[in-house]
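Notes follow the structure.
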Protein chains: 2
Amino acid sequence: MAKNSGSPTLAPAREGKTDKKSARTRVRILDAAAQVLSAKGYAGMRLSDVAEVAELQAPAIYYYFPSRDDLIEEVMWVGLAEMREYLTSALAAAPADATAMERILIGVETHLRHELEISDYTTAAIRNAGQLPDQIRERHDAEEKKYGAVWRDLFKAAHASGELRDDLDPYLAQMLVMGTINWAAEWWQPSRATIDRVVANAQSFVENALSPTK
Amino acid sequence: MAKNSGSPTLAPAREGKTDKKSARTRVRILDAAAQVLSAKGYAGMRLSDVAEVAELQAPAIYYYFPSRDDLIEEVMWVGLAEMREYLTSALAAAPADATAMERILIGVETHLRHELEISDYTTAAIRNAGQLPDQIRERHDAEEKKYGAVWRDLFKAAHASGELRDDLDPYLAQMLVMGTINWAAEWWQPSRATIDRVVANAQSFVENALSPTK
DNA sequence: ACATTCTTTTAATCTACATTAAACAGCGAT
DNA sequence: ATCGCTGTTTAATGTAGATTAAAAGAATGT
């Protein structure tokens, strides 16, 4: 059930630390929190569980995070923020003459790969987005809006260039695509299909879902 | 935020009661629980919150449900079970010569309409499916499997009759479609689009996503 | 009016965490 | 070998919230 490979390298931006030794512990706690948060939910995430997964004692967490809520806030934020970084840099790397649809398919791939690799962060974010106390929710909502905006532009462009079937509302089309790819974190298991296969199927699915029939 | 219109008429099957007066209170509690469960999650659902929404005192809940977990189990179950009933009866009502794709689109419509109408039950089920204690999870998983099986048959049929593009894996295609429609409960708001519009867009989206390009 | 069964309320319990306090261990520099 | 800092542990503390007990309050039939 533990699915966190990568390093949420973004996180420590706030602190001025570029250390290595204890910074690793911090990440270990963050990963553990993502895992437990995803499995038990906002209210169900016990610090003792996080501690167990991170292999230390609960109060040690307070050395790195001022409170349980701060820890949760960071988990909720990391997945999304990283996701947006990946997406924007992937789009930036695309050839300048890429069509809107090609860009959307890049988005599908980037989103899926990142989502499935750090799925604890993703499912934590998905399942708990609605359950957060207002204070925590703010930062998360802001980040989510930023991420959504990137996608919105892609769909606007596709609509403008006639790459979107005209019986589809661009906003609804975007939401339907987001569902297609977000939901993957809920069902995907390495044993059922490789990430490559999922990506290929999703791209084909989305492209045909959106494109006008010639 | 309160979105429960219909009557989870299925529920009292277990008890031998066909009453009216207090049965209404029971439903009120169930609806309230769905709402709170969807908003706060399994661990975050306080009986006092449920009580407040249902407009009674917390201990009164114990008159109708043996424990918090039993209440939750029933909420998790009702949405799914009703959904399957709707789906199977809608499919049964379809003309005998309906194509596999037509049946899938019936499924899309049925699922979306039911989901968006009783969305508290749906989002509760979606968000908490992974967070339940094993005991509760069982019944839910069983029901989920039954529901998934209905869909699986639809996709098998579509695959067999060549109505599914052959670069799509039937299993993955099913999951992608489920994502498209399940996710709607997370973003849909009556203010953004009517249910009819959502249904129409989703059907068009799914049909083109799946159908071979002639 | 009264007994009986349903329904709901207020007043105790009891336990599981988050958080805080206090103490301990490693370790580099002096 | 001792000081001071970083990181971690064990031992309190406090509170929220599920559950249970006991007591009212309706409703219904007689």
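Letters go in sequence order (proteins before strands), and every chain restarts at 1.
In this structure, CZ of A:R46 is placed 9 Å from C1' of C:dA16, rounded to the nearest angstrom. Note: OH (B:Y63) to P (D:dA24) measures 19 Å, nearest angstrom. Distance B:I72 CD1 to D:dA18 C1': 11 Å, rounded to the nearest Å. Taking atom CZ on A:R26 and atom P on D:dT8, their separation rounds to 13 Å, with Å as the unit. Distance CD (B:E52) to P (D:dA18): 13 Å, rounded to an integer number of Å. A straight line from CG of A:D69 to P of C:dC17 spans 16 Å, rounded to a whole angstrom. As rounded to whole Å, 19 Å separates atom P of C:dC14 from atom CG of B:L47. Between B:Q57 atom CD and D:dA22 atom P there is a gap of 20 Å when expressed in whole angstrom units.
Ion pairing of B:E144 with B:R137 is absent here, as no side-chain N (NZ or NE/NH1/NH2) approaches a carboxylate O to less than 4.0 Å. A salt bridge is defined here as a Lys NZ or Arg NE, NH1 or NH2 lying under 4.0 Å from an Asp or Glu carboxylate O, and B:R113 with B:E117 fails to meet this definition.
When distances are taken from the side chain of B:P59 to each of D:dG7, C:dT9, C:dA18, the shortest belongs to C:dT9. The nucleotide whose nearest atom lies closest to any side-chain atom of B:L56 is, among C:dT9, D:dT9, D:dT19, C:dT9. Among the nucleotides C:dT8, C:dT19, D:dT19, the one closest to the side chain of B:Y62 is D:dT19.
Residue B:S22 has a polar side-chain atom (N or O) positioned under 4.0 Å from OP1 or OP2 of C:dT7.
Residue order along DNA chain C, read from the 5' end via each residue's closest nucleotide, puts B:A58 first among B:A58 and A:S67.
In this structure, A:R127 is not positioned above the aromatic face of A:Y42 in the sense of NZ or CZ being under 6.0 Å from the six-membered ring centre and within 45° of the axis.
No side-chain donor from either of B:H114 and B:Y121 sits under 3.5 Å from a side-chain acceptor of the other.
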